[in-house]
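Following: one structure in C-alpha cells, then a few remarks.
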Amino acid sequence: MADVSEEAVERVVRAMYENFGEQLTIDDMARTALFSKFHFSRIFRQITGISPGRFLSAVRLQAAKRLLISTSLTVADISNQVGYTSVGTFSSRFKSSVGVAPTLYRQNGGFRPLIPNDNRRNGWGSRSVPVRGEVLPSPDQADGLVFVGLFPEPIPQGSPVRCTVLDGPGHYELPNVPQGTWYVLAHSVAPGRGPVVPDPTAADAVPWVGSSGPIAIGSRTELDTVNVRLRPMRIIDPPLLLALLDTGLDRVDATGT
C-alpha cells in the first residue's frame, strides 16, 4: 500500500511540474492520484511533509527561479507564466521563500553571498540549546560543501532559525536553538555537478538532500545527537526554494544575523 500511495503522489507531483502555470485544484490532484480528495490530502502530507497546495506553490517558485536565470523575460511575464495573477503577490512570496527579491536573484545568477538567521524567533521560551549531530554521506556522493539549516517546516525556504556550511559531510553544530519544533534540513551540490536550480524531472545531476525531524525543544529538553543521512533528491521531495550560497567566494558566512 505504501508503494501505491507513493506512486500516486509522484503522479501528482509530475503533473504539478508539467502544469505549474495552470490553476490546479485539490480535486484535480485527487483525480490524478485516483483517490478521494480527503485521503489524497492525508497521504500527500504524510509522504512529502507538506500539503499539496504548499508543494504546488513551491514548484511554481522553483520554476520562476529557473526562468529568472535562464531567460530575459520580465518579472511580470514570469509571474504570469507560473500561475500568479498579481506580480506584487508573486514578488512578495518569492522574496519570503527564496530569501531575495526576484530582480536581485537574477542579478546574482541564482546565488546569494549570505544566508541570515531568522532572529525573530530568538525570544521564544526561556531556554536555548545546541543541536548537534553528523551529516552522513550518500554512498555515491561526490565532494562538495554541505548546507545545514534548521527550519520550522520540512521545506527549505525563507531564513533558517540557525544554519552552517560544512566543507563536506561530518559533524555539525547549530548553537543556541530556541524553544519550538524544528526540522534539520541539509543539502549538498558538488561544484559543477548540476544546474543552479535543480529539476528533479530532468536527467541532470540533482543535489543530495537529507532531513531529520520534527525535533521538539522545550524548557527541559535534553537532546540526543540529530544525524542526517544525505541521499539523491527525489521528485517527491519539496523543492529547494532557499537561494544557494555563492560557493565561489573564498569562504561564505552562513551564520550572519
Side-chain angles (χ1 to χ4, degrees), residues 2-68 78-86 89-99 102 105 147 149-160 181-187 195 197-202 204 206-214 231-244:
D3 290 341
V4 172
S5 297
E6 189 166 303
E7 289 173 1
V9 169
E10 182 173 333
R11 283 199 304 274
V12 173
V13 172
R14 288 192 181 277
M16 290 180 183
Y17 277 102
E18 293 168 0
N19 305 283
F20 55 77
E22 301 178 13
Q23 298 303 312
L24 298 175
T25 67
I26 292 294
D27 287 328
D28 295 330
M29 298 178 198
R31 281 193 292 271
T32 299
L34 304 178
F35 289 138
S36 73
K37 66 179 181 180
F38 301 106
H39 181 58
F40 163 69
S41 295
R42 182 173 59 84
I43 67 165
F44 191 97
R45 185 182 288 273
Q46 286 178 347
I47 290 172
T48 69
I50 59 177
S51 70
R54 291 291 304 279
F55 203 108
L56 176 59
S57 178
V59 167
R60 287 172 169 164
L61 292 175
Q62 186 81 330
K65 290 169 63 179
R66 188 174 298 109
L67 291 170
L68 282 166
I78 291 173
S79 169
N80 184 62
Q81 282 203 20
V82 300
Y84 283 84
T85 57
S86 165
T89 300
F90 163 73
S91 296
S92 176
R93 290 185 181 174
F94 188 97
K95 183 175 182 180
S96 66
S97 296
V98 178
Y105 182 83
F147 171 83
L150 196 73
F151 295 86
E153 296 180 279
I155 179 171
Q157 68 175 13
S159 295
T181 301
W182 315 111
Y183 295 81
V184 178
L185 306 180
H187 72 263
V197 183
D199 180 2
T201 68
D204 297 318
V206 296
W208 292 274
V209 298
S211 64
S212 184
R231 56 170 174 74
M233 187 178 184
R234 302 172 299 170
I235 191 172
I236 58 176
D237 290 317
L240 300 169
L241 292 186
L242 192 69
L244 298 178

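Fair warning: this is a prediction, and the values are worked out from it, not measured in the lab.
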Got a salt bridge between R14 and E10, using NZ or NE/NH1/NH2 to carboxylate O under 4.0 Å? yes
CZ-CZ distance between R45 and R54, expressed to the nearest 0.5 angstrom: 8.5 Å
Side-chain contact, heavy-atom cut-off 4.5 Å: I47 with S5? yes
Looking only at heavy atoms, the pair that brings W208 and P232 closest together is CD1-N, 3.7 Å
Give, for atom CZ of R93 and atom OH of Y84, the distance between the pair rounded to the nearest 0.5 Å. 5.0 Å
Within the structure provided, determine whether Y183 and P152 are in side-chain contact (heavy-atom separation under 4.5 Å). no
Measure the spacing between CH2 of W182 and CD of E153 and express it to the nearest 0.5 Å. 11.0 Å
Side-chain heavy atoms of P52 within contact of I26, under 4.5 Å: yes
In the structure I gave you, are the side-chain heavy atoms of S211 and F151 within less than 4.5 Å of one another anywhere? no
Can you confirm whether M29 sits close enough to L56 that some side-chain heavy atom of one is under 4.5 Å from a side-chain heavy atom of the other? yes
Determine the sole option in T48, I235, V4 for which the side chain to side chain contact (heavy atoms under 4.5 Å, CB included) test with V9 is passed. T48
Give a yes or no on whether the backbone of G53 and the side-chain of S57 come within a donor-acceptor separation of less than 3.5 Å. no
Mind checking the CD1-OG spacing from I78 to S91? Nearest 0.5 Å is all I need. 10.0 Å
How far does CG of D28 sit from CG of N19, to the nearest 0.5 angstrom? 9.5 Å
Where does the angle between the aromatic ring planes of H39 and F35 fall among parallel (under 30°), tilted (30 to 60°) and perpendicular (over 60°)? perpendicular
side-chain contact (heavy atoms from CB on, under 4.5 Å), that's the test. Do V98 and Q157 meet it? Break it down for me. CA-CA 6 Å; V98 178; Q157 68 175 13; over 6 Å; no
Test side-chain contact (heavy atoms from CB on, under 4.5 Å) on R11 and L34; report intermediate values, then the result. CA-CA 10 Å; R11 283 199 304 274; L34 304 178; 3.8 Å; yes
Could you report the tightest heavy-atom contact between P154 and L185, atom names first, then the distance? C-CD1, 3.9 Å
Which pair of heavy atoms, one from I155 and one from P239, lies closest together, and at what distance? CG1-O, 4.0 Å
Counting C-beta onward and ignoring hydrogens, is there a side-chain heavy-atom pair between N80 and F90 closer than 4.5 Å? no
Heavy-atom closest pair, residues S79 and S86: OG-O, 3.7 Å
Checking side-chain contact (heavy atoms from CB on, under 4.5 Å) for the pair F55/V12: CA distance, chi angles, key distance, verdict? CA-CA 10 Å; F55 203 108; V12 173; over 6 Å; no
Point-to-point distance, once rounded to the nearest 0.5 Å, from NZ of K65 to CG of L242: 7.5 Å
Report yes if the side chains of D237 and H187 come closer than 4.5 Å at any heavy-atom pair, otherwise no. no
